[in-house]
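Here's the structure we're looking at; comments come further down.
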Amino acid sequence: MDCATSPEQQLPPPAPAPAPAQAFKLLIAGGFGVGKTTLVTTVSQTPPLSTEALMTEASRPVDDLHLVPDKQTTTVAFDFGRLDLPGDGDRDQPVQLLLFGAPGQARFAPMWDYVSSGALGAVVLVDTRRLHDCFPVIDYCEQRRLPFVVAVNRFAGDRHLYSPHEITEALQLGPRVPVRTCDARDWPSCKAVLITLTQHALTHRSYT
Amino acid sequence: MDAPWRREPGQSLRPYLLTGGRTRPALVLDVADLLQARASPAADAPGPEARQILQVCGHGPRSLAEVAASIRQPLHVTRVLTADLVAACRLTLLPATTGATPGAGPAPGPDADALQRVLHGLRNLA
């Protein structure tokens with residue numbers, strides 16, 4: 001196909017649509033087994049999917065790779081989900097929220113880079129039995145000024161139910177960072193987390 | 001042309017064969033860029049993967065990430081194939097308003113107006 005070889009080709013404008021859709025990325029990050037896949041599956045209106053990317057490819061638009069000394073090529077997989085928010089009436093644009101579940105360890109930072117640029121924000125999922133798993137991704141969000149909320153996934157085996165204040169202290173979070181408990185299997189609970197994140201992103205925008 | 005290797009179920013071709021050895025897409029696409037098929041039927045697509053892409057994007061705007069996941073190909077392969085279809089006017093590209101621009105550093109997130117719409121949309125969901 002000959003047009004494939006003309007990268008600078010300008011396409012004619014598409015037929016005028018009343019409200020073209022927009023899509024916003026959300027990073028769902030956390031340690032191994034914390035419930036990322038469960039949350040993405042609960043929220044997504046599509047069957048759970050997985051998107052593969054090469055690690056070197058994932059870091060393509062990125063200038064800062066100090067967290068990842070070796071740039072060996074590895075295939076990594078995001079959990080992927082989509083949530084459609086229909087526009088209100090004819091004038092509002094419909095919005096797709098694109099959810100990308102990615103591991104929270106520092107060596108997966110290129111995956112976060114893939115999602116974080118232009119993203120609405122991040123949900124950092126936390127298991128209170130393994131709090132340290134989420135330190136790297138919290139550091140990352142703070143450095144990138146990416147709005148994030150900490151969502152504590154409730155597990156049946158939890159011996160202690162820590163208060164949000166205790167979690168804020170333990171993670172040394174800023175006072176503005178919302179901490180919520182949730183059940184990643186439960187839609188109203190996940191929806192509340194997404195609403196909290198969006199509200200936080202709104203206030204985050206006003207003070208940055 | 002008879003191509004017996006095509007008959008095997010599942011992934012039977014190396015990804016670089018699907019792109020004809022190309023690793024650079026004709027257009028830079030972000031994972032959140034939305035793609036929608038134009039009215040043309042998918043039957044005369046240049047290959048089975050292109051046909052799948054056109055089918056996926058025929059149901060409404062689909063992000064590059066979702067296209068890749070749906071056709072079970074790696075993102076970078078899907079990006080090359082999808083950019084071909086955009087360049088060939090088979091797909092309409094609705095660029096992400098806040099997507100990454102290579103070399104330009106991290107892009108800002110959605111503006112306040114967009115966030116309000118997201119908030120409104122979330123609250124309206126049952």
Side-chain angles (χ1 to χ4, degrees), chain A residues 1 3-7 9 11-12 14-15 20-25 46 49-54 57-58 60-61 63 75 78 80 82-88 92-98 100 113-121 144-147 191 194-195 198-199 201-202 204-206, chain B residues 22 24-27 30-34 36 38-39 46 60-63 65-66 68-70 72-76 78-79 83-89 92-94 96-112 114-126:
Chain A
M1 189 160 292
C3 2
T5 57
S6 49
Q9 181 187 7
L11 291 177
Q22 275 185 307
F24 300 125
K25 295 176 277 191
T46 62
L49 294 166
S50 127
T51 295
E52 284 187 5
L54 291 176
E57 158 77 4
R60 178 182 53 80
D63 29 294
T75 302
F78 296 95
F80 174 79
R82 163 167 53 88
L83 180 62
D84 280 317
L85 304 176
D88 192 14
D92 255 11
Q93 288 178 293
V95 172
Q96 294 185 13
L97 296 184
L98 309 177
F100 293 86
D113 287 326
Y114 214 117
V115 178
S116 67
S117 185
L120 191 158
R144 286 288 171 121
R145 307 180 80 86
L146 182 69
K191 176 178 151 180
L194 296 183
I195 288 176
T198 312
Q199 286 170 329
L202 266 166
H204 192 268
R205 282 196 70 83
S206 63
Chain B
R22 290 167 305 140
R24 290 180 191 280
L27 301 157
D30 184 73
V31 284
D33 283 339
L34 291 175
Q36 188 156 24
R38 290 174 178 242
R62 294 289 180 264
S63 62
E66 181 166 349
S70 301
R72 295 171 184 276
Q73 294 294 341
L75 265 172
H76 62 291
T78 310
R79 184 180 279 127
D84 284 352
L85 291 168
V86 174
C89 311
T92 301
L93 172 66
L94 311 168
T97 48
T98 53
T101 310
D111 61 22
L115 289 169
Q116 289 287 5
R117 273 185 285 126
V118 170
L119 207 52
H120 190 69
L122 280 171
R123 285 180 173 142
N124 280 354
L125 278 188

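Naming convention: chains lettered A, B, ... in sequence-line order (proteins, then strands); numbering from 1 in each chain.
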Exercise. Verify, without hydrogens or angle tests, whether Gln96(A) (side chain) and Pro61(B) (backbone) share a donor-acceptor contact under 3.5 angstrom.
Key: yes
Quiz prompt | Results of side-chain contact (heavy atoms from CB on, under 4.5 Å) for Ala83(B) - residues two or more places apart only | solution = Pro25(B), Ala26(B), Leu27(B), Leu29(B)
Quiz prompt | Contact leader toward chain A among Ala65(B), Gly60(B), Ala68(B), where contacts are heavy-atom pairs under 4.5 Å | solution = Ala65(B)
Self-check item: Residue Leu83(A) versus chain B: region with a heavy atom under 4.5 Å
Solution: side chain
Quiz prompt | Gap separating the CG atom of Leu75(B) from the CZ atom of Phe78(A), nearest 0.5 angstrom | solution = 7.0 Å
Practice problem: Taking all non-hydrogen atoms of both residues into account, name the closest pair between Pro110(B) and Ala119(A) and its distance. | Solution: CD-O, 3.7 Å
Quiz item: What distance separates Gln116(B) CD from Thr198(A) OG1, expressed to the nearest 0.5 Å?
Solution: 10.0 Å
Quiz item: Non-hydrogen atoms of chain B under 4.5 Å away: do they reach the side chain of Ile195(A), the backbone, both or neither?
Solution: both
Please output the side-chain donor-acceptor pairs of residues 117-126 of chain B that fall under 3.5 Å, not counting sequence neighbours, one pair per line with the distance.
{"from": "Arg117(B)", "atom 1": "NH1", "to": "Gln22(A)", "atom 2": "OE1", "distance (Å)": "3.2"}
{"from": "Arg117(B)", "atom 1": "NH1", "to": "Gln93(A)", "atom 2": "OE1", "distance (Å)": "3.4"}
{"from": "Arg117(B)", "atom 1": "NH2", "to": "Gln22(A)", "atom 2": "OE1", "distance (Å)": "3.1"}
{"from": "Arg117(B)", "atom 1": "NH2", "to": "Gln93(A)", "atom 2": "OE1", "distance (Å)": "3.4"}
{"from": "His120(B)", "atom 1": "NE2", "to": "Asp88(A)", "atom 2": "OD2", "distance (Å)": "3.2"}
{"from": "His120(B)", "atom 1": "NE2", "to": "Asn124(B)", "atom 2": "ND2", "distance (Å)": "3.4"}

Practice problem: May I ask you to name which of Ser70(B), Ala69(B), Ala112(B) has the most heavy-atom pairs under 4.5 Å with chain A? | Solution: Ala69(B)
